[in-house]
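Inspection log for the structure reproduced underneath, given as structure tokens.
We use all heavy atoms of the structure for the numbers below, so side chains are in, but hydrogens, waters and symmetry mates are not. Not measured: the values here are computed from a predicted model.
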Amino acid sequence: DKAEYFTSAGRTEIIGNHTDHNGGKVIAGSINLDTIGAAYPNDTQVIHITSEGYRDEIVVDLTKLSKSNYKKGTVALVAGMMEGAQKNGFKVSGFDAYVSTNVIAAAGVSSSASFEMLICTIIDYFFNDSKMSYNDYAKIGQYAENVYWDKASGMMDQMACAVGGPVLFDFADRDNLKYSKLDFSFGKFGYKLVIVNTGKGHADLSQEYSEIPGEMKAVAKVLGVELLHETNVDALLEHCNEIEDDRAVLRALHFFGETTRVEEAADAIHHEDYKKFLELVNESGTSSWELLQNCYTMKDFHEQKITRTLALTQLFLKKIGAGVCRVHGGGFAGVIAAIVPEKEQQSVAKAYNAVFKKLGDDSPDFLLGVKDLTASACKVLNDKLHDAQGVLYQSVGSRQNVAGNGRFPLNYTYRLVKYFDGANDGLVGEKSFPWGADFKYLTVEGKRGISHGDVIDLNRENIPGFDVREFYVKLVHDLKTKGY
């Protein structure tokens, strides 16, 4: 019955791609999507976490912490964090928590780091008298990912989620990370950050992520240091022929150039030189594509969702004459980031309206239509419209469980609707569905769920547990039984 409430934001990396793990610099910022939780100690040595939208409870026994007991997934992450906290001298104990998030998974906005920082906040508040620093939080999250997930990540994601706001980070001293807040937003110069889903998931990419810091550190070793931030590009050029791994050399060149770009970007922000800032972000994206090479995997180089989406987006940006785009976050899969003028959202609406007009809508309004689908807008409409006598009103809704299980555009709009209204079918939130005397809510077991497109049989796809034709046959049968 008792609970305390906690929150942790997601983050976006603005510039400084893959430099944190070698002591470089990054500009990142928290976003207005967050992970929230209600928690309270349970006076045991067992942690119980229920996460909205996930069937299985996360249970971690603090007396049995080891990688052999917790091998994968979120439960391994939590176990790793508890072990990391203990190794850093902090107390842990059992607690019960209910967690919900609108931080988009697999979108490069650090849904995992947001969750990690939420858990750190909980154990800091309940068991450590709020004495843990952001640096401590980041070390604990990094330990869990490095050891329990076998992912050689740095601490940028965790620090950006924990500190909040636009921040310049210097990762040269791991034990005493330096950071300074920046007076910055894309809106200040009339732009918006748009995250574009490429349709390629992040699963099983730990090796690709880990190879980047590994290759950079291998170069550093040849140059006589541990991390690249301890040397410079002149030393690399002098010893270049001693390094047999060509890709490692390219990735080291990216590191040195990227660290310089971050410094220049911070200066451009300080002087409000946003033209220069956008040029630097564009250069950063090109370097990630060409030198860092984190836009596709060598395991399946024929599948290049990131590079394809970048190429198509660049054509669009060239057409409008403004904006830049780049791979976002760790890369290899997931999303790209496009920084576009705010006015261009009208171009998107215009394109959709042209399609709707061809389909028979004489006065389409895409933006108004999207707004009208929110639960708050539906409630206003419901209050205005009254049921007519002699008419049967009933409604049907479904739940799409994962963004990727809806065809375009539902795989994109799912995340937007989830942000505003939570559970949804890819187009409409659950709270917008109910209308009339009878409401049917369609769900199935497993991760897939049932999308808006599935209910109207848009894709002619068979779904285990849901036969769309039988559903409509039964619907008509029930109406006939009621005398309609």
Side-chain angles (χ1 to χ4, degrees), residues 4-14 16 20 26-39 47 49-54 58 60 73-82 84-85 95 97-125 132-146 148-149 151 153-167 169 177 179 193 195 197 201-203 205-206 209 328-331 333-335 337 402-403 414-416 418-420 422:
E4 298 286 348
Y5 301 93
F6 305 87
T7 182
S8 173
R11 73 98 185 101
T12 181
E13 176 192 278
I14 299 169
D20 58 320
V26 180
I27 295 177
S30 59
I31 58 177
N32 60 350
L33 304 175
D34 62 353
T35 303
I36 59 175
I47 294 171
I49 301 174
T50 299
S51 183
E52 183 181 11
Y54 291 86
I58 299 165
V60 174
T74 305
V75 66
L77 188 67
V78 174
M81 291 178 65
M82 297 306 106
F95 62 88
Y98 184 89
V99 174
S100 178
T101 186
N102 59 10
V103 180
I104 305 167
V109 290
S110 291
S111 56
S112 58
S114 177
F115 175 79
E116 291 165 22
M117 297 304 94
L118 181 81
I119 300 302
C120 282
T121 306
I122 290 172
I123 63 172
D124 185 21
Y125 179 80
M132 295 166 64
S133 67
Y134 293 145
N135 205 82
D136 296 324
Y137 283 21
K139 283 184 184 178
I140 291 168
Q142 183 191 36
Y143 177 88
E145 293 193 12
N146 289 175
Y148 277 67
W149 274 6
K151 183 178 177 181
S153 55
M155 295 195 290
M156 187 276 291
D157 293 348
Q158 291 82 0
M159 286 297 292
C161 292
V163 175
V167 188
F169 292 101
L177 297 180
Y179 60 88
L193 173 66
I195 302 298
N197 182 9
H202 278 88
L205 291 173
S206 291
Y209 292 132
H328 187 257
V335 301
V402 181
Y414 169 86
R415 297 183 171 98
L416 299 177
K418 185 178 180 182
Y419 171 66
F420 288 105

Can you check whether [Y]'s main-chain N or O pairs, donor with acceptor, with [X]'s side chain at less than 3.5 Å?
X: Ser100; Y: Ile36; result: no
X: Asp34; Y: Ser8; result: no
X: Asn135; Y: Leu177; result: yes
X: Ser30; Y: Cys161; result: no

Exercise. Would a 4.5 Å heavy-atom cut-off, applied to side chains only, mark Val167 and Ile27 as touching?
Worked result: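 Result no, sub-4.5 Å side-chain heavy-atom pair not found.
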Exercise. Can you find a heavy atom in the side chain of Ile58 that is under 4.5 Å from one in the side chain of Ile47?
Worked result: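 Counting from C-beta outward, Ile58 and Ile47 never come under 4.5 Å.
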Which value, rounded to the nearest 0.5 Å, describes the distance between [X] atom [atom1] and [Y] atom [atom2]?
X: Glu52; Y: Thr101; atom1: CD; atom2: OG1; answer: 9.5 Å
X: Lys151; Y: Leu77; atom1: NZ; atom2: CG; answer: 10.0 Å
X: Phe115; Y: Thr74; atom1: CZ; atom2: OG1; answer: 6.0 Å
X: Trp149; Y: Tyr209; atom1: CH2; atom2: OH; answer: 11.0 Å
X: Ile31; Y: Arg11; atom1: CD1; atom2: CZ; answer: 8.5 Å
X: Met117; Y: Thr7; atom1: CE; atom2: OG1; answer: 13.0 Å

For [X] and [Y], which heavy atoms make the closest approach, and how far apart are they?
X: Tyr134; Y: Met159; result: O-SD, 3.5 Å
X: Glu116; Y: Gly141; result: OE1-CA, 3.3 Å
X: Val26; Y: Glu13; result: CG1-CG, 4.2 Å
X: Ala28; Y: Ala160; result: CB-CB, 3.8 Å

Exercise. side-chain contact (heavy atoms from CB on, under 4.5 Å) between Val163 and Tyr179: does it pass, once the steps are laid out?
Worked result: CA-CA 9 Å; Val163 175; Tyr179 60 88; 3.7 Å; yes
Exercise. Tyr143 vs Tyr148 aromatic rings, parallel, tilted or perpendicular, using cut-offs 30° and 60°?
Worked result: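 Taking Tyr148 first and then Tyr143, their aromatic rings sit tilted (interplane angle of 30° to 60°).
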Problem set entry | Passing option when Ile49 is tested against Ile122, Val60, Ile119 for side chain to side chain contact (heavy atoms under 4.5 Å, CB included) |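 Result for side chain to side chain contact (heavy atoms under 4.5 Å, CB included) with Ile49: Ile119.
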For this session: Please check if atom OH in Tyr98 has more than 12 non-hydrogen atoms from other residues, nucleotides or ligands closer than 6.0 Å.
Result: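 Correct, the count exceeds 12.
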Exercise. CZ of Phe6: more than 12 outside heavy atoms within 6.0 angstrom?
Worked result: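 More than 12 within 6.0 Å, yes.
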For this session: Step by step, work out the side-chain contact (heavy atoms from CB on, under 4.5 Å) result for Thr50 and Val99.
Result: CA-CA 6 Å; Thr50 299; Val99 174; over 6 Å; no
For this session: Return yes if a side-chain donor-acceptor contact under 3.5 Å exists between Asp124 and Thr121, otherwise no.
Result: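 The answer is no; no qualifying pair exists.
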For this session: Determine whether the side chains of Gln142 and Gln158 contain a donor N or O and an acceptor N or O closer than 3.5 Å.
Result: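 Gln158 and Gln142 do not have a side-chain donor-acceptor pair below 3.5 Å.
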For this session: Applying side-chain contact (heavy atoms from CB on, under 4.5 Å), run through Met81 and Cys120 and close with a yes or a no.
Result: CA-CA 8 Å; Met81 291 178 65; Cys120 282; 3.6 Å; yes
For this session: Check step by step if side-chain contact (heavy atoms from CB on, under 4.5 Å) holds for Phe169 and Asp20.
Result: CA-CA 9 Å; Phe169 292 101; Asp20 58 320; over 6 Å; no
